[in-house]
Chemist: 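This is the structure I want to talk about, given as structure tokens.
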Amino acid sequence: MPASHFLHQLQLCARRRTPSTAKRLHAQLIKTALHLCVPLPNTLLDTYGKCGLVEDALHLFDEMPHRDHVSWASILTAHNQANMPHRTLSMFPAMFESDGLQPDHFVFASVVKACSSLGAVRQGYARSGRKSDAFEMFERLPVKNLFSWTALISGLVQSGHGVDALYLFIEMRREGVHIVDPLVLSSIVGACANLAVLELGKQVHSLVIRLGYESCLFISNALVDMYAKCSDILAAKDIFGRMHQRDVVSWTSIIVGAAQHGQAEKALSLYDEMVAVGIKPNEVTFVGLIYACSHVGLVSKGRALFRSMMEDYGISPSLQHYTCFLDLLSRSGHLGEASNVIDSMPFEPDEPTWAALLSACKHHGDTQTGIRVADHLLSLKPEDPSTYILLSNVYAGARMWENVAEVRKLMAAREVKKKPGYSCIDIGKETQVFYAGETSHPMKDEMFSLLKDLDAEMRRRGYVPDSSFVLHDMEHQEKERQLFWHSERLAVAYGLLKAVPGTVIRIVKNLRVCGDCHTVLKFISSIVKRDIVVRDATRYHHFSNGECSCNDFW
DNA sequence: CATAGGTCAT
């Protein structure tokens, strides 16, 4: 039988994903002594990979006397497809160490994909003392094409380097790669979502329209998510409403968006609508739904959904589902039932699980349980400043000042530093960043006098500063002064001075909003009759008319 | 021979 016949059969087999045929062809090939003649082994490698027979592929690969770029690309891709990114990366250095080959644009795409599934695009995939990251490898590529750009940009977004991804996207356009495919665009929309940069997101949206990808399903899904994450839930609903076609991702995105913005009833009614039009919810949908319930204390509805997920849809709850469910129970004061769930669930509780319980203990004034949970958290994550702050808040809530001081000492002894807080606000196309305590801003005098006026009016309306959120050891007056300069207040003051009157003021903060600022923002929203939306490290706060969408529970 | 999208908790 001629080689071309085998080639054809193998390609057919790769398309049809029939592992047994792949093995049979391989056996026949060995008999004909053709099996090590290029390009047959490469095609066989590819076929094995596509049929999910990664071990057979590796065996063949090891036997091959001559391996070229194609062999390497095929074996690395086979490992990615078998969901073994670690093996992809540990094999890869042998490409130059043993075979003396430099990565080409095919190999690059596979390696970057492996890095991004591990969330480590910028950390160095290379072993044996080779200092390098995906950027350097990219620079050295003899050929860069759309695949290389897309792989790197998507990988950066997935590993949390959204800013790098955005710059790279701009560079890609400048380099003349104008054939932008929807894949890279969806990654870029995702980067805007993660960074919560609404203005840039809008620009990318207009690019999507210009390129004619508006009706592409997964781009629309990404846009819905982006607008929701950038705190513009109305725009998210608008896109969703105008979609011609909606899948489970579209519905889940808008349900989660509504839930995160405190619109639990809306989330639940969207779910009914979704089921009515025949879309089956998946495990992610239920996370969003239980989360929605926990925000408005719909305990029995949440329990029903948790049951329905298992009984009607055969989805067995993950640790995330349990954590969400626990959050629902403990927020609504069912701390005993929550403990039972922790004891009986088939998972070891992780940090988020304990954190959900801790937040509830704080809210319901169960200091004893709170301290136990916080100690547990501290042993799990001794390097995370937020745990110390939670513990300190538990003590402060119970007015146990000596213990507050002890936590502070412990932080100092372990050299755990509180991350500096900052808040961003977009005015037109310009983004302003404010750090806590910042006093060098050109408009600081106007901002200061506005904040002072607001402070006076707030106090007339009954505001009492709550300085228990200030961790440092200082005089009472000094503590109040600290609060006064928290970054979100600076950003709000700037927004009130500079933004178009009547528009929503949108702020993105890197840390959680402190309890005192939360109170202040509620007051400000009613005094100036403006809506303020703050996206903090964990959720959205929509302040309007003196109230917040989070129901004061966060 | 290759690149892709959504969720909770902190």
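Since the structure is predicted, the reported quantities are computational estimates derived from the model, not experimental observations. Proteins come first, then strands; the chains are lettered A, B, ... in the order of their sequence lines, and each starts at number 1.
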Chemist: For a quick test of reading the model: is some side-chain N or O of Gln158(A) closer than 4.0 Å to OP1 or OP2 of dG5(B)?
Modeler: yes

Chemist: Of the nucleotides dT10(B), dA4(B), dC1(B), which has the atom closest to the Lys50(A) side chain?
Modeler: dC1(B)

Chemist: Hey, does the side-chain of Thr252(A) have a donor or acceptor N/O within less than 3.5 Å of a partner on the base of dG6(B)?
Modeler: yes

Chemist: Could you tell me whether Val249(A) contacts a base, only the sugar-phosphate backbone, or nothing, with contacts defined as non-hydrogen atoms closer than 4.0 Å?
Modeler: base

Chemist: Under 5.5 Å between ring centres and under 30° between planes: does that hold for Phe106(A) against the base of dC1(B)?
Modeler: yes

Chemist: Kindly state whether the pair Phe147(A) / dA2(B) counts as stacked, where counting means centroids closer than 5.5 Å and planes tilted less than 30° apart.
Modeler: yes

Chemist: With respect to the side chain of Leu217(A), which nucleotide from dC1(B), dG5(B), dA2(B) is positioned closest?
Modeler: dG5(B)

Chemist: Give Asn282(A) one of three labels, base, sugar-phosphate or nothing, depending on what nucleic acid heavy atoms sit under 4.0 Å from its own.
Modeler: base

Chemist: Go through the N and O atoms of the side chain of Asn145(A) and the base of dA2(B), and report whether any donor-acceptor pair is under 3.5 Å.
Modeler: yes

Chemist: Rounding to a whole Å, what distance do you find between Leu168(A):CG and dT3(B):C1'?
Modeler: 13 Å

Chemist: Which nucleotide in the list dG5(B), dG6(B), dT3(B) gets nearest to the side chain of Phe218(A)?
Modeler: dG5(B)

Chemist: Counting side-chain heavy atoms from CB outward, which of dA9(B), dG6(B), dT3(B) is closest to Thr150(A)?
Modeler: dT3(B)

Chemist: Tell me the interatomic distance from Leu328(A), atom CG, to dA9(B), atom P, rounded to whole angstroms.
Modeler: 12 Å

Chemist: Consider the side chain of His295(A), meaning its heavy atoms from C-beta on, and name the nucleotide among dA9(B), dA4(B), dG6(B) that approaches it most closely.
Modeler: dA9(B)

Chemist: Whole angstroms only, please: what is the CZ-C1' distance between Phe138(A) and dA2(B)?
Modeler: 14 Å

Chemist: Within the 3.5 Å criterion, strictly below it, is a donor on Ser74(A) or Asn42(A) matched to an acceptor on the partner's side chain?
Modeler: no

Chemist: Where the side chain of Val70(A) is concerned, which of dC1(B), dA4(B), dT10(B) is the nearest nucleotide?
Modeler: dC1(B)

Chemist: For a quick check of understanding: with a heavy-atom distance under 4.0 Å over all strands, which category does Asn221(A) fall into, base, sugar-phosphate or nothing?
Modeler: base

Chemist: Looking just at side-chain N and O atoms, do Lys50(A) and Gln11(A) make a donor-acceptor pair shorter than 3.5 Å?
Modeler: no

Chemist: Step by step, would you call Asn221(A) with Asp247(A) a side chain to side chain donor-acceptor pair (under 3.5 Å)?
Modeler: CA-CA 9 Å; Asn221(A) 287 348; Asp247(A) 65 359; 3.2 Å; yes

Chemist: Take the protein atom CG of Asp181(A) and the nucleotide atom C1' of dG5(B), then report the distance between them rounded to whole Å.
Modeler: 13 Å

Chemist: Can you identify which nucleotide, out of dG5(B), dG6(B), dA2(B), has its nearest atom closest to the Asp247(A) side chain?
Modeler: dG5(B)

Chemist: Nearest to the side chain of Val284(A), which nucleotide is it out of dC1(B), dA2(B), dG6(B)?
Modeler: dG6(B)

Chemist: Is it true that, when you exclude Tyr167(A) itself, more than 12 heavy atoms of the residues, nucleotides or ligands shown sit nearer than 6.0 Å to its OH?
Modeler: no

Chemist: Quickly work out the Asn80(A) CG to dC1(B) P distance and round it to whole Å.
Modeler: 16 Å

Chemist: Have a look at Arg331(A) and say if it touches a base, only the backbone sugar-phosphate, or nothing, with a 4.0 Å heavy-atom cut-off.
Modeler: nothing

Chemist: Return the value, rounded to whole Å, for the distance between atom CZ of Phe92(A) and atom P of dA2(B).
Modeler: 16 Å

Chemist: Looking only at atom types and distance, does a side-chain atom of Thr285(A) sit under 3.5 Å from a main-chain N or O of Asn282(A), one as donor and one as acceptor?
Modeler: yes

Chemist: Over all strands shown, is Val248(A) touching base, sugar-phosphate only, or nothing at heavy-atom distances under 4.0 angstrom?
Modeler: base

Chemist: Quick check on Glu348(A): does its CD atom have over 12 non-hydrogen neighbours (other residues, nucleotides or ligands) under 6.0 Å away?
Modeler: no

Chemist: Pick base, sugar-phosphate or nothing for His321(A), based on heavy-atom distances below 4.0 Å to the nucleic acid.
Modeler: nothing

Chemist: Less than 4.0 angstrom from a charged side-chain N to a carboxylate O is my criterion; do Asp99(A) and Arg67(A) meet it?
Modeler: yes

Chemist: Nearest to the side chain of Thr538(A), which nucleotide is it out of dT10(B), dA9(B), dA2(B)?
Modeler: dT10(B)

Chemist: Picking from dG6(B), dT3(B), dT10(B), which would you name as closest to the side chain of Ala109(A)?
Modeler: dT3(B)

Chemist: Within this structure, what is the CG-to-P distance between Leu329(A) and dA9(B), rounded to whole angstrom?
Modeler: 15 Å

Chemist: Tell me the interatomic distance from His69(A), atom NE2, to dA2(B), atom C1', rounded to whole angstroms.
Modeler: 14 Å

